Amino acid sequence: RTLHFDALLSFCSIIHPMENKRFFTTHRIALSALIAALYTGITFVLAPISFGPVQFRVSEALTLLPFCLPEAVPGLFIGCLVSNMLGGFGLTDIVLGSAATLAAAWMTAKMPNVWLAALPPVVVNAVVVGAYIAVLSATPMLLSMLYIGVSQAVICYAIGIPLILYIKRSKILEKYR
């Protein structure tokens with residue numbers, strides 16, 4: 001193993017410590033990669049509505065996955081990072097947008113119920129993404145935060161929560177644990 005790989009493992013264990021479990025198993029890495037690919041794929045299939053001052057990024061429904069699937073945290077971060085590298089508002093979007101998704105995903109994993117799990121992606125993205133999009137697009141700050149917050153709320157509550165409830169009810173993840 002290289003020094004860079006060890007540093008990445010240390011960083012990720014700080015982001016998502018799991019007691020008495022090794023977080024980076026082959027299974028978890030593959031699942032995280034699948035989530036990253038799914039996030040990126042959905043973002044680009046719906047690219048016309050996924051980027052811009054007024055956006056409706058349907059892939060953000062996946063930000064609720066950490067509530068029942070901790071492996072989703074790095075996958076969401078990487079998916080958002082790749083999406084923002086290929087489209088969006090440049091370096092600011094790559095750094096701040098991806099960091100906002102990472103923070104929201106980590107907080108979502110800590111929430112006690114699915115209804116509260118939808119709050120971090122809504123609030124973090126409304127504030128962080130709304131702020132830098134306002135600056136970069138010359139949109140009034142509160143209006144930009146409102147655009148992002150409302151779209152995140154619709155996506156997380158209308159698509160994300162039903163997705164999580166279906167996953168929990170169907171017990172589809174149990175055979176992969």
Side-chain angles (χ1 to χ4, degrees), residues 1-18 21-52 55-111 117-133 136 148 151-152 155-156 159-161 163-164 167 172-173 176-177:
R1 295 186 335 184
T2 67
L3 180 59
H4 298 295
F5 184 70
D6 288 337
L8 178 64
L9 287 177
S10 296
F11 173 72
C12 290
S13 67
I14 291 167
I15 292 170
H16 200 287
M18 294 182 69
K21 290 184 181 179
R22 184 178 157 105
F23 186 75
F24 286 99
T25 63
T26 304
H27 171 77
R28 287 189 172 126
I29 291 170
L31 190 53
S32 199
L34 179 64
I35 291 166
L38 190 58
Y39 184 101
T40 303
I42 293 169
T43 301
F44 277 93
V45 164
L46 300 172
I49 61 171
S50 295
F51 299 100
Q55 56 183 257
F56 196 79
R57 193 176 283 195
V58 176
S59 54
E60 285 289 307
L62 300 176
T63 60
L64 271 72
L65 284 175
F67 176 70
C68 60
L69 191 66
E71 296 88 338
V73 173
L76 290 167
F77 170 69
I78 293 166
C80 184
L81 181 73
V82 171
S83 295
N84 290 341
M85 288 172 77
L86 300 173
F89 284 93
L91 187 59
T92 304
D93 203 17
I94 293 166
V95 174
L96 296 179
S98 302
T101 295
L102 178 61
W106 182 80
M107 287 187 264
T108 297
K110 308 291 182 198
M111 290 294 139
L119 280 178
V122 173
V123 174
V124 170
N125 281 295
V127 172
V128 176
V129 177
Y132 73 75
I133 285 180
L136 295 174
I148 300 299
S151 73
Q152 283 288 132
I155 290 162
C156 289
I159 302 170
I161 287 178
L163 173 67
I164 297 305
I167 288 170
I172 194 167
L173 296 177
Y176 298 107
R177 298 237 171 227

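All of these numbers come straight from a predicted model, not from anything done at the bench. Positions are given from 1 along the sequence.
Between the side chain of N84 and the backbone N or O of D93, at least one donor-acceptor pair lies under 3.5 Å. Proximity of a side-chain donor or acceptor of S151 to a complementary backbone N or O of I148 within less than 3.5 Å is detected. Under the 3.5 Å distance criterion, the side-chain polar atoms of T40 are matched with a main-chain donor or acceptor of G79.
Nearest heavy-atom pair, V124 versus M107, reported as atom, atom and distance to 0.1 Å: CG2-CE, 3.2 Å. Smallest separation of non-hydrogen atoms from T108 and A117: OG1-O, 3.3 Å. Looking at every heavy atom in both residues, F89 comes nearest to L136 through CB-CD1, 3.7 Å. Contact detail for L76 and T101: the closest heavy-atom pair is O-CG2, 3.8 Å. In plain terms, the two heavy atoms of A105 and V73 that are nearest each other are O-CG2, 3.9 Å.
Taking CD1 of I35 as the start and OG1 of T63 as the end, the distance is 11.5 Å to the nearest 0.5 Å. Here the CD1-CG distance, from I167 to L65, works out to 5.0 Å after rounding to the nearest 0.5 Å. Residue I164 holds its CD1 atom at 4.0 Å from SG of C68, rounded to the nearest 0.5 Å. To the nearest 0.5 Å, atoms CD1 (I78) and CE (M85) are separated by 11.5 Å. A distance of 8.5 Å separates CG in L91 from CG in L96, rounded to the nearest 0.5 Å.
Residues L163 and L64 fail the side-chain proximity criterion, which asks for heavy atoms closer than 4.5 Å. A heavy-atom distance below 4.5 Å is found between the side chains of R57 and S50. Side chains of L31 and L69 form a contact here, defined as non-hydrogen atoms less than 4.5 Å apart. Inter-residue side-chain proximity for Y39 and C80 is flagged as met; some heavy-atom pair is nearer than 4.5 Å.
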- Message: Run the side-chain hydrogen bond (donor to acceptor under 3.5 Å, both in side chains) test on T43 and S59 for me, step by step, so that the C-alpha distance in whole Å, both residues' side-chain angles and the decisive distance to 0.1 Å come before the verdict.
- Response: CA-CA 6 Å; T43 301; S59 54; 2.7 Å; yes
- Verdict with supporting geometry, V129 and Q152, side chain to side chain contact (heavy atoms under 4.5 Å, CB included): CA-CA 11 Å; V129 177; Q152 283 288 132; over 6 Å; no
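Evaluated for a side chain to side chain contact (heavy atoms under 4.5 Å, CB included) with Q55, the options I133, L46, N125 yield exactly one hit, I133.
By the 30° and 60° cut-offs, the orientation of the rings of F44 relative to F51 is tilted.
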